[in-house]
Amino acid sequence: MSGAANLIETPLTKVRDQIARACADAGRDPASVTLVAISKTFGANAIEPVIAEGQRVFGENRVQEAKAKWPSLKERHGGIELHLVGALQSNKAKDAVALFDAIHSLDRPSLAEALAKEISKQGRRPTLFVEVNTGGEAQKSGVLPEETDAFVKACREGYGLQVAGLMCLPPADEPPAPHFALTAKIARRNNLALLSMGMSADFALAIAFGATHVRVGTAIFGERSAAAEIEN
Ligand SMILES: *Cc1c(COP(=O)(O)O)cnc(C)c1O
């Protein structure tokens, strides 16, 4: 890359540079990594400058918030791709299929059933990631690692869903590398091409472990207010 745009460093250009460097270090094509800018809690005034810099892929963790924010932003800006990265209640599957281009939190049969129904009804096919609870944390959503093969199979054969990849959210107080490695291993043996892993603190490491989608909020938008914890 070259040209005037590179002369101004912004949080977004810094993240892009770090992704490019991590890809170079891992011998990977930078085009194989999608940056999902996590805009939860931030309003249009914070999001629009990032769109103006060329970012088109955004992530939210709540259906209601995304529904309030994104339809008008999508009207004003073309080519937006919206990802849901937070837990999804089955009764919001309809809204989620209507609004999102990718869902990173498929984690139980009842949700698989609700999504399958809406996908066939609406004729929209969001890219689906099965969320793996690699740390086995009771308070977190996600399928346990040892149950993931069976769940992916059930999604495919029982509900006719096309599962595209796996997502993980490692425990905050542990080194993430083993969690990334485990998620990549489970994806490989299930023929899943996509890996959603890595956040602001560890996306470069996730890329070394094969991440195809990095979910970066704070490094792009700044700190969120304390009230807005990760809900997952
Ligand atoms: C908020 C959130 C992120 C982004 O986290 P940062 O540390 O701000 O980059 C990524 N993934 C999920 C599931 C989130 O809820």
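Counting starts at 1 for both ligands and their atoms, in listed order. For reference, positions follow the sequence shown, starting with 1.
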Does ligand 1 come near enough to Asn61 that some N or O of the ligand is less than 3.5 Å from an N or O of the residue?
no

Mind checking whether Gly217 has an N or O less than 3.5 Å away from an N or O of ligand 1?
yes

Side chain, backbone, both or neither: which applies to Arg224 and ligand 1 if a contact is any heavy-atom pair less than 4.0 Å apart?
side chain

Going by atom types alone, do [X] and [Y] pair a side-chain donor with an acceptor below 3.5 Å?
X	Y	value
Glu223	Thr218	no
Gln64	Lys67	no
Glu53	Thr13	no
His213	Ser196	no

Option whose closest heavy atom lies nearest to atom 2 (C) of ligand 1, chosen from His213, Lys40, His83
Lys40

Would you call the rings of Trp70 and Phe58 parallel, tilted or perpendicular if under 30° counts as parallel and over 60° as perpendicular?
tilted

Provide the number and element of each atom of ligand 1 under 4.0 Å from a heavy atom of [X].
X	result
Thr218	6 (P), 7 (O), 8 (O), 9 (O)
Arg215	4 (C), 9 (O), 10 (C), 11 (N), 12 (C), 13 (C)
Val216	9 (O)
Val85	12 (C), 13 (C)

Answer with yes or no after comparing the ring centroid distance for His83 and Phe129 against a 6.0 Å cut-off, counting only values under it.
no

